[in-house]
Structure formats: structure tokens, C-alpha cells
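Let me begin by presenting the structure, written as C-alpha cells, before commenting on it.
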Amino acid sequence: MPRALLLLGAIALTGAAAMSPANYDVQHKGIADVAADMQAGHVSSAALVRAYLARISAIDHAGPSLHSVIVVNPQAEAEAAASDRRRHSGAAPRPLEGVPILVKDNIETADAMPTTAGSLALANNVTHRDAPLVARLRDAGAIILGKTNLSEWANMRSSASISGWSGVGGLTRNPYALDRSACGSSSGSAVAVAASLAPAAIGTETDGSVTCPASLTGLVGLKPTVGLISRTHVVPISASQDTAGPITRTVADAALLASVLAGRDPEDPATADADRHRPAPLGADGAGALKGVRIGVLRFLAGHHAATDAVFGKALDRLGAAGATLVEIKDGPDLDAISAAEMTVLLSELKSGLDSYLATTPDTVKTRTMADVIAFNEAHHDRELGLFNQDLMVRAQATTGPDDGGYRDALTRSRRMAGVDGLDRIQVQNNLDAMVAPTGGPAWVVDLVNGDHDGGSASTLPAVAGAPHLTVPMGDVDGLPVGLSFIGPRWSEQRLLEFGAAYEAAAGIRQQPHYLPTLPESAAQRSLLRPAG
């Protein structure tokens, strides 16, 4: 299709999608934007919810069919109307009063929506309980708008998976180019925010599942220190690495959500110190946060994609211009050895964690163990296993969970290699305030035959070490976004957010999605596809 027709179609689609109740245009608005508009009386929370629901219908369920929202909350409008009444009563304002938020569909909510982790095996998993992180959102005034699609079982079912696909939700489409991956497993959360289906969303990450989708859709994603945010009533993979985190349009919005979500949960021992480390919302004057700080440039996490490296070079120039001292770090820990030990850990913890979680689900859920899930998938082969297998679940089932012979050794080794001998050593030896790297390369074309083939990632070291990882839009490669990762020691969220906000202010480079069916070829590219002469 000619480039002009592609662009005209995209422009027409975007314009049509902008239609919303009361003529309130939700496009490109973050939390701060809609909160200010509600405070000023330009829109009510109820009208805002209706506007987002209309846009979900127009471009997620129809139009380009992004498949990023699995289900909308039937109580959202009523909850928004109650928030409006509270605002008009003169009650003390809450930080998220009336703001619609989407949550990933492995996080339980107390309303009528099931929590499926993308699997038909959990289609009837209506628990009527809020995960503590959801309760914190509600206490802050947020409206739970719905649940987002994800890589099924948070991408821990198959080594040949297709990121962003689930049996319940289908394939999540990247709004920048619909034939390209949105990464996973929090694909739906990222795509929904990028496509203005909500001002923000909550994802979860074990290794890359917040930061990769955020990077590939031009957004901010925060994977916090493991233990900052409760994991109770979240479908698990790993007790040592799982965490929820915000996906937003701005760093300030991510900081606000982190301040709301963080805190101790008596049911999650990892959160024992969370109250002492809760980040605060960012102030208005943060432009100078990078002045005089020492930033380690993790060169060993670059070099996977030349065009991304070029964008990374420009990002480093911006950091230097903002006053940061850049320290080159050429050598890092053995990533292959860390990844191998990590997989041993994840398989064992998946076995024990999922069995424990399934035992707490209502009687309407018939899969009570992971063995039951494996059998269910075989029994529903066409829908569940038609694109890729479940070899990771089969391998996990063969372990004995925490009692597995190699598990404790792998946990100790992986944490030491990634943490004490990895990020911690680099930071201390070089007297660093933070470290940066490309989050990853641009989005790859979805491959239904071979599965994912992404190249390079900054996520594994902070994931295994349990350390925070913030991605911020860095630029684009041929119209596809790529992110800049800020990584720091455990509990350093506040400083990373301040550094990220300062970079964001200096860069100002986020592009909006165009919903192109595919990236158009340039004239130069077309000429190279023909035989010479």
C-alpha cells in the first residue's frame, strides 16, 4: 500500500477515534492532565469514564482492534459518579480522585471482573477481593476502568511464546505499527496507555514485563524494588522477582502512582520495609536533578542494534548537557550464567507459587494445580496451544518447588551474580548515583511461526537483583519508540524518578502512535529490494 494512503488512513482513524461524550478529547492525556481538567470543572469523572469507554470501543474492540483491554468494569461509571459526588461535597481531595486506571488481568479486583492471567482455565476466576495494590488505588480515589490483556500466564508458559498473546484476549497490537510486537507480558497495559484508552495502567514484571512494553510503546515504565508493592492476590510467577509497577505517559505520573501503590502488606513478607522507602510525588522544579550526578553507562548492555545505539548516543549527550558526569562501564557480569540460574529459580517458584494461588481461587475454577492447567491446555489444544506450546509449565511441573535440589543454589548464585557482584559492585567501585542503558531495541514483526525474536534487554540484572528499573522514552528508530533505562540499587526509586524526569524535560521527544498497518518502505529501501541493474 502506498505510504500516502497508509498515512491518510491512520489520520482518518485517529480523528474518528477522538469522538467522545461531551466532546471531551482524552487523547494524549496523562493523570495530571485529566486530574486538572476535573478540578477545573472541564469534565466530570463519570464523563471521563464514558469517554474512555467510547474510545476503547472505537479503536480497541473495533478500528485497528488493538486487543489491549480484555474486559471493562461494569461498575466503573457508578464509581465515577460517586467520586463526582464526593468532589462536589467538598471532601478533602485524594491524589487520584476520579482518575480511571486500567490494571493487568493477573491482578485481582473485588468487582465482577474475572482475573484470568489470559488463560481460559481462569475464565471463571471472579474472586470478589481486591489485591492490596488495587485497594490502595481505590483509597486514593482511582476508578478501576477494566483489565488489560497480557502474555498468557505472564509469558511463563512457553519458550517459543508470542508476546502479547493470550487465549482469552488474543494478540495485543502495537499502535505504532500493528504488525509489530508490543512485547510482554504487560503488553495490554502499555498499549492501552499509548493509545489513550486510559491515562495510566498497572502492569507486573518478573523480568522485563513492564519495562519492555513501555519502551516499545513510547511510555514510562517503573519496575520497582521487589517488596515495594504488595504481590498478594496477583497471579504469581516468582516470589523472588515478581512486582507490580506503573506504566504512564510521564515520569511524574509514574512517581505519583508509585507513591500510592507502595507500602507494607502483612500478607507479603517482602514488603516489610516498604513504608520506609515509599517514593514521594515529584515536585515542579526537578530540571536540575542531573547536575553533578555520576551516571554509569553500561556499554555491555548495548551493541545489539546499531540504530538504537545511535539514539542512545544522543541520549547520553542530553544527560551530559543536563550536568551529569558519564562514567563508561565496558564490562559486566556473565549474563548467560545469570539467565541460566534465573530460569532454574523461576521454574521452581512458578510450581509452588501457582499451586498455592490456585488453591485460593473460588470453586468455579476447576484447575486447582498447575498440573490441572497443563491438562486443561491439552484438552483445549486448538485455542490454548494452537500457536505455541507449554514447555516451561511442563518443566516447572517436574520440579519439586522450593525443595528442588538445585533451586536454593541457583537462587543464591543468581542474586550474587546480578546484585553483589553485578550492579552493586559496579555502583560502589565507580561511585555512581545511577546507571543507564538502552532498554532494548525497537519492536520486531510478530512471527507466528518462530515466536519472539527481540534483541537485547537491560531488564535481567535489576530483575534478578530485585533492584528498581525505570524506562523513559529515548527516541525512535524509523518511527518505532525505544527507551532509556535508569537502574539503581534497591530502594532508589526516588532518585531514579528524579533523574528520569530531568531527562524527560531535556529530551521532550515522545511521538504519538499512528496505527499504521505496517511500517511503510521508503523509496531507498524499495530500490534495495530489487535486483541491481
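Please read all numbers here as calculations on a predicted model, not as lab measurements.
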Residues in ring-ring contact (aromatic ring centres under 6.0 Å, His included) with H61, at least two apart?
none
Acceptor/donor pairs from residues 90-101 side chains to any protein atom, 3.5 angstrom cut, sequence neighbours excluded:
from: R94; atom 1: NE; to: E97; atom 2: OE1; distance (Å): 2.8
from: R94; atom 1: NH2; to: E97; atom 2: OE1; distance (Å): 3.3
from: R94; atom 1: NH2; to: E97; atom 2: OE2; distance (Å): 3.0
from: E97; atom 1: OE1; to: R86; atom 2: NH1; distance (Å): 3.0
from: E97; atom 1: OE2; to: S83; atom 2: OG; distance (Å): 2.6

Name all pairs fulfilling the ring pair (Phe, Tyr, Trp, His ring centres under 6.0 Å) condition that reach into residues 165-191, sequence neighbours left out, sorted by first residue then second.
W165-F388
With [X] via salt bridge (Lys or Arg N to Asp or Glu O under 4.0 Å) - residues at least two apart:
| X | result |
| --- | --- |
| E108 | R129 |
| K104 | none |
| E384 | R157 |
| R87 | none |

My understanding is that only residues two or more places apart in sequence, or in another chain, count here; which of them pass side-chain hydrogen bond (donor to acceptor under 3.5 Å, both in side chains) with R368?
T361
Sort and list the pairs that fulfil salt bridge (Lys or Arg N to Asp or Glu O under 4.0 Å) and have at least one residue in [range], not counting sequence neighbours.
| range | answer |
| --- | --- |
| residues 169-195 | none |
| residues 112-121 | none |
| residues 181-195 | none |

Pairs under 3.5 angstrom only: tabulate donor-acceptor contacts from the side chains of residues 253-263 to other protein residues two or more places apart or in another chain.
from: D253; atom 1: OD1; to: A32; atom 2: N; distance (Å): 3.3
from: D253; atom 1: OD2; to: I31; atom 2: N; distance (Å): 2.7
from: S259; atom 1: OG; to: L256; atom 2: O; distance (Å): 2.6

